[in-house]
Asker: 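Submitted below is the structure of interest, expressed as structure tokens.
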Amino acid sequence: MHIRKLNANEVPPFELLLLADPSRKLVEEYLQRGQCFTGSLNGQIIGVYVLLPTRPDTVELVNVAVDEKHQGKGIGKRLVEHAVQIAAELGFKTIEVGTGNSSIGQLALYQKCGFRIIGIDRDFFIRHYDEEIFENGMQVIDMIRLSQDL
């Protein structure tokens, strides 16, 4: 898989971005402020993530998504590892990520990649999304926050 930064004149892969975040409005907002990276295989974009500076020396990894046909093959892990590497190269000291309370696979992935749980943003998905979101048979209510020192 080849991972690269999306050029400013390229259309972001919204079909993938919306897999990780169902709010097109929120996706468009953080694309304006962040850097979008895509992972391609045989010329087809199969993965995406966005790095979003949040505070001095801190960047947030948002919207890690892998095409459903390619999930479970280690692509998400490669994207997360790439994001950590790029964040360090850009001079950030901390990288953070947040995921839903029901995102069991993502929680495991982030911890395998060196992230540690630092807190819970209670009712995040109720406050920021108009419609209820369900995943793994549970309502997504709280955001689990994780970070890693670089």
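Owing to the predicted nature of the structure, the values given are computational and were not obtained by experimental measurement. The analysis underlying the following values was restricted to heavy atoms, covering all of them including side chains, and did not include hydrogens, waters or symmetry mates.
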Asker: May I ask you to test the Asp121-Asp142 pair for a side-chain heavy-atom distance under 4.5 Å?
Answerer: no
Asker: Which residues pass the side chain to side chain contact (heavy atoms under 4.5 Å, CB included) test with Asp57, sequence neighbours left out?
Answerer: Lys93
Asker: Report all side-chain donor-acceptor pairs from residues 29-43 shorter than 3.5 Å, counting only partners two or more places apart or in another chain.
Answerer:
| from | atom 1 | to | atom 2 | distance (Å) |
| --- | --- | --- | --- | --- |
| Tyr30 | OH | Asp21 | OD2 | 3.3 |
| Tyr30 | OH | Asn63 | ND2 | 2.7 |
| Gln35 | OE1 | Lys5 | NZ | 3.3 |

Asker: So, do Val59 and Leu90 sit near enough that their side-chain heavy atoms are less than 4.5 Å apart?
Answerer: no
Asker: Which heavy atom of Gln139 sits nearest a heavy atom of Asn101, and at what distance?
Answerer: O-ND2, 3.4 Å
Asker: Any chain of hydrophobic side-chain contacts (each under 4.5 Å) joining Met143 to Leu109?
Answerer: no
Asker: I'd like to know if Val62 and Ile45 are part of one continuous hydrophobic network [Ile/Leu/Val/Met/Phe/Trp/Tyr, side-chain heavy atoms within less than 4.5 Å].
Answerer: yes
Asker: If you define the side chain from C-beta out and look only at heavy atoms, does anything of Glu96 sit under 4.5 Å from Ile118?
Answerer: yes
Asker: Just wondering, more than 12 heavy atoms not from Lys112 lying within 6.0 Å of its NZ?
Answerer: no
Asker: Name each donor-acceptor pair under 3.5 Å that joins a side chain in residues 74-85 to protein atoms two or more places apart or in another chain, with its distance.
Answerer:
| from | atom 1 | to | atom 2 | distance (Å) |
| --- | --- | --- | --- | --- |
| Arg78 | NH2 | Met1 | O | 3.0 |
| His82 | ND1 | Tyr49 | OH | 2.6 |
| Gln85 | NE2 | Glu89 | OE2 | 3.0 |

Asker: Using the side chain to side chain contact (heavy atoms under 4.5 Å, CB included) criterion, which residues pair with Met138? Sequence neighbours excluded.
Answerer: Ser102, Ile104, Asn136
Asker: For Tyr129, what residues pass the ring-ring contact (aromatic ring centres under 6.0 Å, His included) criterion, not counting sequence neighbours?
Answerer: Phe125
Asker: Applying side-chain hydrogen bond (donor to acceptor under 3.5 Å, both in side chains), name anything that partners Asp130, two or more places apart in sequence or on another chain.
Answerer: none
Asker: Determine whether Arg24 and Leu18 make a side-chain contact, defined as any pair of heavy atoms from C-beta on separated by less than 4.5 Å.
Answerer: yes
Asker: Quick one: do the Thr94 and Gln148 side chains pair a donor with an acceptor below 3.5 Å?
Answerer: no
